[in-house]
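Below is one structure, written out as structure tokens; the observations come after it.
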Amino acid sequence: MAATKLTLRLEDSIIEQAKQFARQSGKSLSQVVSDYFQAIARNTATRETASDRPTPITDRLVGSLRGTDLSREDHRQHWVEKYQ
């Protein structure tokens, strides 16, 4: 597959963070960006719109309350008691 050059304009701090992430991952910055774009393409292909995509936190929580019949009020009360 042929590669095409892409120029991005980003804040210096973002570039430095991305370079550090790439080093820690043992990848080039180009590979990190390519991996990210591929992930976006996969998500776009499997979901209709951006608003349909659950956030990463929501993804981790899906199914965590299976088997419980908590009402909205029970759920609210749980959090009130937990964080008081």
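Worth knowing before you read on, the calculation uses all heavy atoms, side chains too, and leaves out hydrogens, waters and symmetry mates. Numbers here simply count residues along the sequence, with the first being 1.
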Inset, instruction - Flag yes if Leu8 and Val32 sit in one hydrophobic cluster, no otherwise; membership is Ile, Leu, Val, Met, Phe, Trp, Tyr, and two members link when side-chain heavy atoms are under 4.5 Å apart. - result: no

Inset, instruction - Take atom CD of Glu11 as the centre, draw a 6.0 Å sphere, and report whether it contains more than 12 heavy atoms from other residues, nucleotides or ligands. - result: no

Legend entry - Ile40 with Phe21, same ILVMFWY side-chain cluster at under 4.5 Å: no

Legend entry - Atom pair CZ (Phe37) and CG (Leu6), whose distance is rounded to the nearest 0.5 Å: 5.5 Å

Inset, instruction - Compare all side-chain heavy atoms of Lys27 with those of Asp35 and state whether any distance is below 4.5 angstrom. - result: yes

Inset, instruction - Answer yes or no: is there a donor N or O on one side and an acceptor on the other, between the side chain of Ser34 and the main chain of Ser30, under 3.5 Å? - result: no

Legend entry - Gap between atom CD of Gln38 and atom CZ of Arg42 - 0.5 Å precision: 6.5 Å

Legend entry - Reported CZ-to-OG distance for the pair Arg23 and Ser28, which is rounded to 0.5 angstrom: 12.5 Å

Legend entry - Considering all heavy atoms, the nearest Leu10-Ile15 contact: O-CD1, 3.6 Å

